[in-house]
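Presented below is the structure to which this report refers.
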Amino acid sequence: MTIWAVANQKGGVGKTTTVVSLASLLASKGQATLILDMDPHGSLTTYFGHDPDTIKSSIYTIFQKFEQSPNSAIFNTLKKTHYNNLYIMPASSAMATLDRQLGAQGGKGLIIKKTLKHLGDRFPNIIIDCPPMLGILMINALAACDQLLIPVQTEFLALKGLEHMLHTLGMVNHSRQQSLPYLIIPTMFDRHTESGLQSLQMLHDKYKEGVWDDVIPVDHQFRDVSKLGVPLPVHNKNAPGAIAYSGLLDYLQHPINDLSKLPHV
Amino acid sequence: MSKFKEISSHDDALSIYLDDMLYESSADIPKKPSISVEESVIENWKASPFQALLFDVNGLQLALHCQDVKAILPWPEAELAQRNEAQKLDEAVLGIYQQAPYQTTIIDAPYIFLPAELRHNADNASFIIIIGDGQWALSCHKINAIITLSPEDIKWRKNAGTRPWLSGTSVEKGCSIVNIDELVKLLI
């Protein structure tokens with residue numbers, strides 16, 4: 001079982017698009033895949049046809065009930081999507097209150113790690129969509145995952161946000177006394193703009209082998225298919241964005257690119 | 001008297017919060033140095049002997065932890081002949097060195113380390129020392145030696161003062177020890 005978390009404390013960098021694309025590609029290969037929406041905003045949940053404002057069971061339910069009845073909490077929360085082999089644990093808006101409700105109760109950053117352990121080997125692939133802020137939800141995701149994927153929009157402000165994310169990761173590692181391997185994924189790359197080319201160069205100069213050696217290009221079809229709630233690789237596997245994510249998945253699953261060999265903060 | 005309780009520093013607050021989140025009880029929390037991620041390297045210096053590069057900036061002998069030295073190159077006069085606009089923007093910048101695999105901004109070391117009245121007498125640099133992740137380099141007049149410094153022989157500074165880049169001094173070796181992290185913060 002491999003658990004990826006997709007995180008960046010800057011919003012709008014392509015986190016949800018990365019989760020949707022990678023998960024649909026894995027599922028289309030016949031591999032059971034679970035995605036978790038840890039963002040109370042619920043973009044991933046909405047993508048797959050649920051309403052985070054009205055949904056009855058969500059990851060909120062896990063936090064509420066896992067300690068008392070883990071099987072029931074998981075059973076109620078796990079939902080099949082319209083796509084074969086692809087399952088989701090959706091978000092609800094109430095998750096935004098968890099930090100306030102749980103405060104700093106001991107061990108509350110480990111709920112999702114325990115939940116996924118409970119699922120055993122049912123899902124060989126699990127991808128967690130993280131919220132764009134540090135709090136109980138992001139900490140749970142970072143504590144549960146084996147590898148961290150950090151999408152970074154190829155523009156200067158986003159590079160600054162990346163430093164912020166890596167500092168947070170450093171703090172989490174310091175607390176866990178373990179380091180988590182990460183891979184930076186340049187997204188929304190427009191090779192026709194000077195700023196895109198420069199910021200990609202800066203990413204490689206500064207983070208070297210921590211950066212995936214290809215890019216996810218700007219592709220307007222991502223926006224179009226999000227309205228339809230269809231993953232781009234399903235809608236048009238030959239779209240430039242779909243081809244790029246397919247390349248990223250090949251990279252992640254290739255034994256030679258074992259992320260445990262990649263930089264640790 | 002203030003009504004407000006003093007709150008923890010940024011990294012301390014995060015560290016306490018994360019420990020609460022990631023351990024079931026306080027007894028499970030492993031003992032860790034209560035320092036921030038950025039401070040960890042310099043704190044390690046204080047724990048065990050380390051190798052340092054001694055170099056000279058117009059008579060001032062400075063020491064860099066060897067771990068912070070990425071490369072030492074001869075002064076790239078030819079490459080800097082056509083100095084770019086960056087020099088005009090910041091008087092501390094001597095130019096940009098762009099030769100694969102480096103893309104480095106060269107900082108005028110006398111400007112950073114010497115008082116204003118001594119800067120104009122500074123000799124021409126002979127080397128550049130590329131530091132940290134390679135984004136910055138220091139101009140340097142002379143490379144002196146690589147030595148081992150023992151933490152107990154160093155008088156560590158407790159307060160950053162007006163020279164936050166200065167970690168401490170070694171009377172025995174006659175050098176000032178440069179904290180690269182603090183230096184880079186000044187440059188950004």
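Just so we're on the same page: letters track the sequence lines, and every chain starts at 1.
- Within the 4.5 Å cutoff, side-chain heavy atoms of E24(B) are placed close to those of L110(A).
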**Prompt:** Are S175(A) and Y17(B) close enough, and set up right, to give a side chain to side chain contact (heavy atoms under 4.5 Å, CB included), and what steps lead you there?
**Reply:** CA-CA 9 Å; S175(A) 180; Y17(B) 176 67; over 6 Å; no
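- More than 12 non-hydrogen atoms from other residues, nucleotides or ligands lie less than 6.0 angstrom from CG of D213(A).
- Annotation for H41(A): atom NE2 does not count as buried by contact number, only 12 or fewer foreign heavy atoms lying within 6.0 Å.
- At a heavy-atom cut-off of under 4.5 Å, chain B is reached by L134(A), G135(A), I136(A), I139(A) from residues 127-139 of chain A, listed in order of number.
- Proximity to chain B among residues 57-73 of chain A is not found for any residue, judged by heavy-atom separations below 4.5 angstrom.
- Taking CE of M21(B) as the reference point, atom CZ of R176(A) lies at 15.0 Å (rounded to 0.5 Å).
- One distance of note links NZ of K108(A) with CG of D20(B); it measures 12.5 Å at 0.5 Å rounding.
- In this structure, M171(A) CE and D19(B) CG are separated by 9.0 Å, a value rounded to the nearest 0.5 Å.
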